Amino acid sequence: MDIGFIGLGKMGFPMARRLIEAGHQLVVFDQRKEAVDQLVARGAQAAMSPRDVADRVETVLASLPSLQASLDVATGDNGVSSGERVKRFVDLSTIGSQMAVRIHDLLAKQNIVQLDSPVSGGVAGAEKGTLAVMVSGPRADFEMLKPVLDVIGKVFFIGEKPGSAQTMKLANNFLSATAIVATSEAVVMGVKAGLDPAVMIDVINAGSGINSASRDKFPKSVLPRTFDFGFATGLMVKDVRLCLEEAKSLGLSLDVAEAVGKLWEVVIREMGAESDFTAAIQPIEQRAGVVVGGKPV
Ligand code: NAD
């Protein structure tokens, strides 16, 4: 199938690479020319703008880092909505349901179908094609697209209501964000009391405290102090803020989410938006006066 792909970053690049390897013809665009060049070397065609992509294919996928980037790419000057061939826009980014509905409504005016398709599972999941792919939008377009999305992960149809896959994704990422800061607090407490953090993680992973941070993030990026899991703090904070907005728009006040949100605001203030999200443990360590894990490498 001919597919457009816009946004070739940590997630977009490996997803696009897998689609090429599965035999799809890709037309790609990113603001970073080096990312485009690397995919052209693997058989993709380069485009000059989102509109150029949308002039050449019916189905355009995007994996972008902010709400504004999704809005601009979909509906801005030279955006997908001005393309001649495009019939559907599939947003793999996490943008929250309100922005998804806004983009849906703008694209509908041009008879372009929008499918929300946020993903979970990190860079490793994107490399291996094992992401959780959550889709909302018209069922017929979903069925048509499913063989394409099967290449990047396990696909779930959430519903036809625009934005509902975004709500699903925010619920998931709230839990992921909670796991990191909660596991950090648990391990910092143990280290302060003299426990070995590597033993703590082994015990937690054999016990009832196991979670995605203790299972994946601590062994790979926190205990070795490489802080290189592949998801920026700025993106995690974007998702936590979106989750809190989502709850507010539903008239809910979620106590745990609010506490988690406050902790992540400290992380972004002290570690910066570009830091890896596994660095969330460092402000907690500093306040406790301990360091968890090995020496920096
Ligand atoms: P990233 O910053 O690594 O990649 C974004 C890419 O988009 C970059 O290559 C950038 O040059 C490009 N870009 C930005 N604005 C653009 C524009 N206007 N036109 C064309 N290209 C543009 O981000 P990422 O980590 O790949 O995340 C992308 C999305 O996936 C985000 O919504 C994020 O929340 C979500 N996500 C990320 C992960 C992860 O582990 N990194 C996991 C699940 C979901």
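Each ligand, and each atom within it, is numbered from 1 in the order the structure gives. What's counted below: heavy atoms across the whole structure, side chains too, no hydrogens, waters or symmetry copies. Quick caveat, the model's predicted, so the values are computed rather than measured.
- Distances below 4.0 Å separate heavy atoms of V73 from the following atoms of ligand 1: 17 (C), 18 (N), 19 (N).
- Atom 9 (O) of ligand 1 has its nearest heavy-atom neighbour, among L235, N78, D30, L67, in D30.
- Atoms of ligand 1 found under 4.0 Å from any heavy atom of F29, numbered from 1 in the order shown, are 19 (N), 20 (C).
- Checked for salt-bridge contact, R139 and E143 meet the test: a charged N lies under 4.0 Å from a carboxylate O.
- Listed by first and then second residue, the salt bridge (charged side-chain N to carboxylate O under 4.0 Å, His left out) pairs involving residues 1-17 are R17-E21, R17-E127 (not counting sequence neighbours).
- Looking only at heavy atoms of the protein, atom 39 (C) of ligand 1 is closest to F231 CD1, 3.1 Å.
- Of all the listed residues (Q31, K238, R32, K33), Q31 holds the heavy atom that lies closest to atom 21 (N) of ligand 1.
- Here the side chain of N205 pairs no donor or acceptor atom with the backbone of I210 at under 3.5 angstrom.
- Interface of G7 with ligand 1, defined as ligand atoms under 4.0 Å from a residue heavy atom, comprises 7 (O).
- In this structure, a donor-acceptor pair under 3.5 Å is absent between the side chains of T183 and S214.
- Nearest to atom 4 (O) of ligand 1 among the protein's heavy atoms is G9 CA, 3.2 Å.
- Under a 4.0 Å heavy-atom criterion, D72 is not in contact with ligand 1.
- Taking a cut-off of under 4.0 Å to the non-hydrogen atoms of S93, the atoms of ligand 1 that pass are 32 (O).
- Nearest non-hydrogen protein atom to atom 3 (O) of ligand 1 is K10 N, 2.9 Å.
- Atoms of ligand 1 lying under 4.0 Å from any heavy atom of P65, numbered from 1 in the order shown and given with element: 2 (O), 5 (C), 7 (O), 14 (C).
- The two residues S164 and S136 have their closest heavy-atom pair at OG-CB, 3.2 Å.
- Residue K169 has at least one heavy-atom neighbour below 4.0 Å for each of these atoms of ligand 1: 43 (C), 44 (C).
- Taking only nitrogen or oxygen atoms, main chain and side chain alike, M11 reaches within less than 3.5 Å of ligand 1.
- Nearest to atom 29 (C) of ligand 1 by heavy-atom distance, out of N173, L131, V53, L64, is L64.
- Counting atoms of ligand 1 from 1 in the listed order, those under 4.0 Å from a heavy atom of V119 are 43 (C), 44 (C).
- A donor-acceptor pair under 3.5 Å is formed between the side chain of D116 and the backbone N or O of G163.
- Listed by number with element, the atoms of ligand 1 under 4.0 Å from a non-hydrogen atom of L8 are 9 (O).
- Between the side chain of Q282 and the main chain of V267, no donor-acceptor pair closer than 3.5 Å is present.
- Among the atoms of T94, some N or O lies under 3.5 angstrom from an N or O of ligand 1.
- Although no hydrogens or angles enter the test, the distance criterion places no donor-acceptor pair under 3.5 Å between the side chain of Q114 and the main chain of A108.
- With hydrogens and angles disregarded, a donor-acceptor distance shorter than 3.5 Å links the side chain of K238 to the backbone of T94.
- For ligand 1, the polar-atom distance check finds an N/O of G230 within less than 3.5 Å of one of the ligand's N/O atoms.
- In terms of modelled atom types and a separation under 3.5 Å, the side chain of W264 and the main chain of A177 share a donor-acceptor contact.
- Panel note: side chain D276, backbone F231; a donor-acceptor pair is recorded below 3.5 Å.
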